[in-house]
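Report on the following structure.
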Amino acid sequence: MPDEDGFGYEGRDLEAMAFARNYHAWIRDEFAGFVRGDVAEVGAGDGAFSERLLELAPRSLTLFEPSAAMQARQSPQLAGHPSVHRVNSTLEKAHRGAGPAFDCLLYVNVLEHVADDGRELSVAFDALRPGGNLCVFVPALPWLMSDFDRAIGHHRRYRRRDLRDKLRTAGFVLRRDCYVDGPGLLPWLLFVKLARRPLVPAAVSIYDRHVVPWLRALETRIRPPIGKNLLAVAQRPP
């Protein structure tokens with residue numbers, strides 16, 4: 001159920017994606033050139049992606065996670081790391097009025113869970129230092145919206161144009177955006193949307209081991225014109 005700040009995820013998609021180590025490494029490396037200094041991950045969940053971020057050796061890594069149950073599942077590596085600060089709250093609630101504090105903010109499979117994503121992007125803008133980067137990874141294409149999306153608290157899937165407009169409205173300058181996981185579009189359409197099957201850890205693990213390595217190599221060279229997900233990097237002007 002959504003909480004008072006508009007976050008509406010219960011972790012079921014994160015449980016499945018915890019098995020996607022290659023996928024997480026791919027997303028991390030797509031953002032690596034923009035991740036620097038004091039970094040924050042909003043909606044860190046169980047910390048599966050946070051561990052990949054820590055490998056980039058940021059000066060500090062702040063993990064905002066409003067669900068106490070999900071935060072409790074974060075690894076001892078994160079809980080005990082001297083550069084990691086774990087915050088059991090949303091960015092807006094914890095950081096309200098604090099001013100610019102971060103050089104990079106990341107929303108990985110999170111923004112679609114926020115009821116008012118425009119407001120959330122404005123909060124992110126205020127929390128970034130001038131010249132700071134916002135890294136966003138979201139599900140793409142509204143016509144792929146499924147019962148599973150709704151069950152795990154997705155308010156939307158994004159069109160490329162719509163995400164660009166929302167970033168610019170919040171004050172950001174777009175630095176890059178692209179579709180990701182072109183081949184993943186078809187199985188999502190057939191099995192998740194039409195056959196109404198949920199995303200399960202076993203299927204995620206197989207896809208991660210056997211498809212993601214060659215898919216990453218291909219899409220690094222040739223960006224797909226359409227894909228299951230959308231990646232964007234935007235900057236708060238210096």
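Quick note: residue numbers are just sequence positions, from 1. The model shown is predicted, which means the values in this text are computed figures rather than measured ones.
The nearest pair of heavy atoms linking E92 to V123 is CA-CG1, 3.8 Å. Scanning all heavy atoms of the two residues, the minimum distance from S60 to D38 falls at OG-OD1, 2.7 Å. Across F125 and P237, no two heavy atoms sit closer than the pair CE1-CD, 3.9 Å. Across V233 and C135, no two heavy atoms sit closer than the pair CG2-SG, 4.3 Å. Nearest heavy atoms, D149 versus R157: OD1-NH1, 2.9 Å. Considering all non-hydrogen atoms of both residues, E65 and G45 come closest at OE1-N, 2.6 Å.
Remark: V87 engages T62, F64, S89, A94 in a side chain to side chain contact (heavy atoms under 4.5 Å, CB included) (not counting sequence neighbours). P100 meets the side chain to side chain contact (heavy atoms under 4.5 Å, CB included) test with R129, R236; sequence neighbours excluded. For Q77, the side-chain hydrogen bond (donor to acceptor under 3.5 Å, both in side chains) criterion is met by no residue, not counting sequence neighbours. Residues satisfying the side-chain hydrogen bond (donor to acceptor under 3.5 Å, both in side chains) criterion with S75, sequence neighbours excluded, are E51. Residues forming a side chain to side chain contact (heavy atoms under 4.5 Å, CB included) with R223 (at least two apart in sequence, or on another chain): E30, R176, C178. For S83, the side chain to side chain contact (heavy atoms under 4.5 Å, CB included) test picks out H81, with sequence neighbours left out. Scored by the salt bridge (charged side-chain N to carboxylate O under 4.0 Å, His left out) test, R161 finds no partners at all (sequence neighbours excluded). Remark: Q74 pairs with R86 by the side-chain hydrogen bond (donor to acceptor under 3.5 Å, both in side chains) rule, at least two apart or across chains.
W188 and L190 fall within a single hydrophobic cluster, where Ile, Leu, Val, Met, Phe, Trp and Tyr side chains are chained together by heavy-atom contacts under 4.5 Å. L186 is not connected to M145 by any chain of hydrophobic side-chain contacts under 4.5 Å among Ile, Leu, Val, Met, Phe, Trp and Tyr, and they are in different clusters. Residues V138 and I226 fall within the same hydrophobic cluster, defined by Ile, Leu, Val, Met, Phe, Trp and Tyr side chains chained together at heavy-atom separations under 4.5 Å.
Side-chain contact of R209 with S205: a donor-acceptor pair under 3.5 Å is present, judged by distance alone. No side-chain donor-acceptor contact under 3.5 Å links R216 and N22.
Rounding to the nearest 0.5 Å places CZ of R73 at 13.5 Å from CG of L78. From R36, atom CZ reaches atom CG of N133 across 5.5 Å, with rounding to the nearest 0.5 Å. Interatomic distance, CZ of R156 versus CG of D162, reported as 10.5 Å (0.5 Å rounding). Taking CZ of F102 as the reference point, atom CG of L128 lies at 8.5 Å (rounded to 0.5 Å). To the nearest 0.5 Å, the span separating OG on S50 from CG on L63 amounts to 4.5 Å.
With D208 contributing its side chain and Y23 its backbone, the two residues share a donor-acceptor pair below 3.5 Å. For the pair N88 (side chain) and P66 (backbone), a donor-acceptor distance under 3.5 Å is present.
Looking at heavy atoms from C-beta onward, L106 lies out of side-chain contact with F137 at the 4.5 angstrom threshold. Using a 4.5 Å heavy-atom cutoff, the side chains of N109 and F49 are not in contact. A heavy-atom distance below 4.5 Å is found between the side chains of V42 and E120. You'll find the side chain of F148 stays beyond 4.5 Å of the side chain of F191, heavy atoms only. Side-chain atoms of V180 and I27, non-hydrogen and from C-beta on, never get closer than 4.5 Å to each other. Here the side chains of P183 and L215 are in contact, with some heavy-atom distance below 4.5 Å. Using a 4.5 Å heavy-atom cutoff, the side chains of L231 and F31 are in contact. No side-chain heavy atom of L56 sits less than 4.5 Å from a side-chain heavy atom of V39.
For the ring pair (Phe, Tyr, Trp, His ring centres under 6.0 Å) condition, no pair includes a residue of residues 199-238, sequence neighbours left out. Identified under the salt bridge (charged side-chain N to carboxylate O under 4.0 Å, His left out) test for residues 179-192, with sequence neighbours left out: D181-K228. Every pair passing salt bridge (charged side-chain N to carboxylate O under 4.0 Å, His left out) that includes a residue from residues 191-205 is listed here, sequence neighbours excluded: D147-R196.
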Exercise for review: Would you check, one step at a time, whether the test side-chain contact (heavy atoms from CB on, under 4.5 Å) holds for L144 with V192?
Suggested key: CA-CA 9 Å; L144 284 180; V192 180; over 6 Å; no

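The six-membered or imidazole ring of H113 lies near that of H154, with a centre-to-centre distance under 6.0 Å.
Open room surrounds CD1 on I222; 12 or fewer heavy atoms of other groups in view lie less than 6.0 Å from it.
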Distance-only donor-acceptor pairs under 3.5 Å for side chains of residues 163-174, two or more places apart:
| unit_1 | atom_1 | unit_2 | atom_2 | d |
| --- | --- | --- | --- | --- |
| R164 | NE | D177 | OD2 | 2.7 |
| R164 | NH2 | D177 | OD1 | 3.3 |
| R164 | NH2 | D177 | OD2 | 3.4 |
| K166 | NZ | D117 | OD1 | 3.2 |
| K166 | NZ | D117 | OD2 | 2.7 |
| T169 | OG1 | D165 | O | 2.8 |

